[in-house]
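Naming convention: chains lettered A, B, ... in sequence-line order (proteins, then strands); numbering from 1 in each chain.
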There are 2 protein chains.
Amino acid sequence: MTEQQRRPTVMDVAQAAGVSRALVSIVMRGAPGAAESTRQKVLEAARELGYRPDSRARLLRSSRTRLLGLSFFSAHAFHAEIVDAAYAAATSRGYELALSAVAKGRPETRAIESLLDFGSAALILISPTLSAEELAGYAGQVPVVSLLRDDVGEPVDSVSSDDHAGIRMAVDHLTGIGHRRIVHIDGGTAVSAELRRAAFRAEMDRLGLPARIIPGGPTEEDGLRALRSLRADLPSAVIAFNDRCALGVVEGLRADGLKVPDDVSVLGYDDSQFARLSYLQLSSVSQDAPLLAAAAVDRAIDRIEGTQAPAHVVSTPHLVVRKTSAPLRDDLRESVRLAP
Amino acid sequence: MTEQQRRPTVMDVAQAAGVSRALVSIVMRGAPGAAESTRQKVLEAARELGYRPDSRARLLRSSRTRLLGLSFFSAHAFHAEIVDAAYAAATSRGYELALSAVAKGRPETRAIESLLDFGSAALILISPTLSAEELAGYAGQVPVVSLLRDDVGEPVDSVSSDDHAGIRMAVDHLTGIGHRRIVHIDGGTAVSAELRRAAFRAEMDRLGLPARIIPGGPTEEDGLRALRSLRADLPSAVIAFNDRCALGVVEGLRADGLKVPDDVSVLGYDDSQFARLSYLQLSSVSQDAPLLAAAAVDRAIDRIEGTQAPAHVVSTPHLVVRKTSAPLRDDLRESVRLAP
DNA sequence: CTCGGCGTCTAGATCGTTCTAGTAACACCA
DNA sequence: TGGTGTTACTAGAACGATCTAGACGCCGAG
């Protein structure tokens, strides 16, 4: 058995440096009110003892806690990228991050309450599934920022990506390189599927093109299945609900002996790690996770520090063109001109 | 501006129920020493006020903290599955989990120290990259359990998967269905790459077969690259370092017009979400994340509660056969017999 | 009638910090 | 000389829980 030694406290440092506890506290958090000479003395003593302030005590006592609570879904790989970026944004503004995952058998309310129990000064929730009323309840306790979802009611901040703009970019890109017969494989009942569906319809209408929409979903299987119902009358380009769905479409096309993008162009959405797979090189609409995360962190901190009212910020996505989209082949172009 | 209301404390509940703070504490943590009638009264008052004990205060005061610190890599999708399972295991034993990610610009020491500052009673580190000495330093403060890595020194617990057994299963599976010319695309400098390399060599030796090993790595690109150097003399089966590497191999083979598993069988390792992709259906060695996570949580709690010495537990992986491995084709079998 | 034991309950100390209020020393200026 | 600042520091109260030690009422045994 190894003996577990007690960790040094502010008291130990104070004794070692020959000052009061309060002064150690002042030095440790870089507050004004200590002479440079004693500051050095205290810092030295702290370093010597390997002292680190105890978050529990600090969080308990101080009103200004500098702790952001972040909830994410352990099953969504995409959320990990946001976590990553949120850490960077938070630490650069001098804040700590408390993580809590929504997992199997661990509902969102549990994750949120855990964050609150740890004394988070604000909550950042990635694509929360709670109702606006439930969210408002938490917003009564601390500022709440919803990330990737914007219909969250008045008292809750939101940072989201402009789905309509994203779809417009996709459509403009494809029509710009000659495509006319474009299909959208939608996300079914997934979050923001309805928005993207409507945007696709509106954009195709605007251009006077037929808006063909096929029921899909967020997984590879959904993409594969949708493709099957498309085989009889293949379009020249597909905009999938997301990257995984697009992946299914690409694989399905290849299995049928068709070439992407020579025969059919395919666009994804999210610009996730799947899109970057070297053999795939999927063209995709990027929501720019780091940017969104930074924006959410900023909103949260501004709400904590200032007395601003909640706001809904919308960021504009951008298109990342890789190798699954290419100009319409000339022979296909002819056949399309003949179509009704 | 919405007014942030103060959250109720043990004092509020005590007043509402007409008892002392201490009694509320006793009731809330289910300790003995309260009459059933008052217990109900307190519980009722707590429910009414929406009271939840404050983790910071609880953790600060009590010696027995019931909090496990878990560090994971935000970039490793595989770790998310472990987080998921760890939550389940921890809550089933009445423990809370504190998460801390190793991310870009956030080294492992920072993640660990954050967990310690929050008062974790034990640490579970997923595939830690620190040296045995550094780990021992932390183990002097709280019990430390290393997950997926076992060369961590004496004072640190470890829970890992038997890599040799995993490779043996892969080799036995392939040889059992007729394969003789098997190649291992290794993991380069990645964690446990050396172990798997040695295991492959030993197992092939045992069977009197040539152990051909190609430098690879943990990503799709590594798999693709390795495949390129293989084209001149294609084996009938490949054991890749992990699933992502295997994915690159499969895609590369398909791009060359070869069929998997008809022309070449491919085995992955990890049984990650990639392996389960519907169009891939990769045969893979599963380390069984939920099981490992549960074992790590159990070790940690046993160390906290009992006074057991650190131990190294090794779990046996199992093979999940899907659609990328099939019996050796007869025509290939002949040509192999002729080979030296 | 006292005593010990048991079950129930409470006052007050405590965890390691931060915060508030205040002291002491010293300089500045009228 | 005495008021007014300013700077450097400190004592002690908080924060919200748990824990320790002990009080109180009640019962049955001596």
Peer 1: Answer yes when B:R110 and B:E113 have at least one side-chain N-carboxylate O distance shorter than 4.0 Å, and no when they do not.
Peer 2: no
Peer 1: Hey, can you tell me if A:F73 and A:H76 have their rings parallel, tilted or perpendicular (30° and 60° cut-offs)?
Peer 2: parallel
Peer 1: Which of residues 20-41 of chain A have a heavy atom under 4.0 Å from DNA chain C?
Peer 2: A:R21, A:A22, A:S25, A:R29
Peer 1: Enumerate the protein-to-nucleotides 25-28 of chain C contacts in which both atoms are nitrogen or oxygen and the separation is below 3.5 Å.
Peer 2:
none

Peer 1: Send over the distance from B:Y51 OH to D:dA17 P, rounded to a whole Å.
Peer 2: 4 Å
Peer 1: Just so I know, are the side chains of A:R149 and A:S160 near enough to count as touching, which here means a heavy-atom distance under 4.5 Å?
Peer 2: no
Peer 1: What's the CZ-C1' distance between B:F118 and C:dG16, to the nearest Å?
Peer 2: 15 Å
Peer 1: What is the distance, rounded to the nearest whole Å, between atom CZ of B:R66 and atom C1' of D:dA17?
Peer 2: 16 Å
Peer 1: Please report the distance, rounded to the nearest Å, between CG in A:L60 and P in C:dT14.
Peer 2: 17 Å
Peer 1: Tell me: CZ of B:R56 to P of D:dG16, nearest whole Å?
Peer 2: 7 Å
Peer 1: For A:R21 and A:S25, test the side chains for any donor-to-acceptor distance below 3.5 angstrom and give the result as yes or no.
Peer 2: no
Peer 1: Does the B:T38 side chain pair with the main chain of B:K41, one donor and one acceptor, at a distance under 3.5 Å?
Peer 2: no
Peer 1: Can a donor-acceptor pair be found, under 3.5 Å and without considering hydrogens, that links the side chain of A:R66 to the backbone of A:G94?
Peer 2: yes
Peer 1: Closer than 4.0 angstrom, basic N to acidic O: yes or no for B:E96 and A:R106?
Peer 2: yes
Peer 1: Which angle, to the nearest 10 degrees, lies between the helix axes at the two ends of the helix from C:dC1-D:dG30 to C:dA30-D:dT1, each defined by five pairs?
Peer 2: 70°
Peer 1: Any chance you could lay out the side-chain hydrogen bond (donor to acceptor under 3.5 Å, both in side chains) test for A:E44 and A:Q40, step after step, and finish with the verdict?
Peer 2: CA-CA 6 Å; A:E44 171 62 21; A:Q40 290 308 325; over 6 Å; no
Peer 1: Could you state the atom-to-atom distance from CZ of A:R58 to C1' of D:dA17 in whole Å?
Peer 2: 20 Å
Peer 1: Tell me: CG of A:D54 to C1' of C:dC15, nearest whole Å?
Peer 2: 9 Å
Peer 1: Taking the side chain as every heavy atom from C-beta outward, state whether A:I304 and A:L68 have any atom pair closer than 4.5 Å.
Peer 2: yes
Peer 1: What is the distance, rounded to the nearest whole Å, between atom CZ of B:R6 and atom C1' of D:dG16?
Peer 2: 11 Å
Peer 1: For B:L115, does its backbone N or O pair with a side-chain atom of B:S120 as donor and acceptor, under 3.5 Å?
Peer 2: yes
Peer 1: Measure the shortest side-chain to side-chain distance between B:D288 and B:S315 over non-hydrogen atoms and say whether it is less than 4.5 angstrom.
Peer 2: no
Peer 1: Do any side-chain nitrogens or oxygens of A:R61 fall under 4.0 Å of OP1 or OP2 in C:dC19?
Peer 2: no
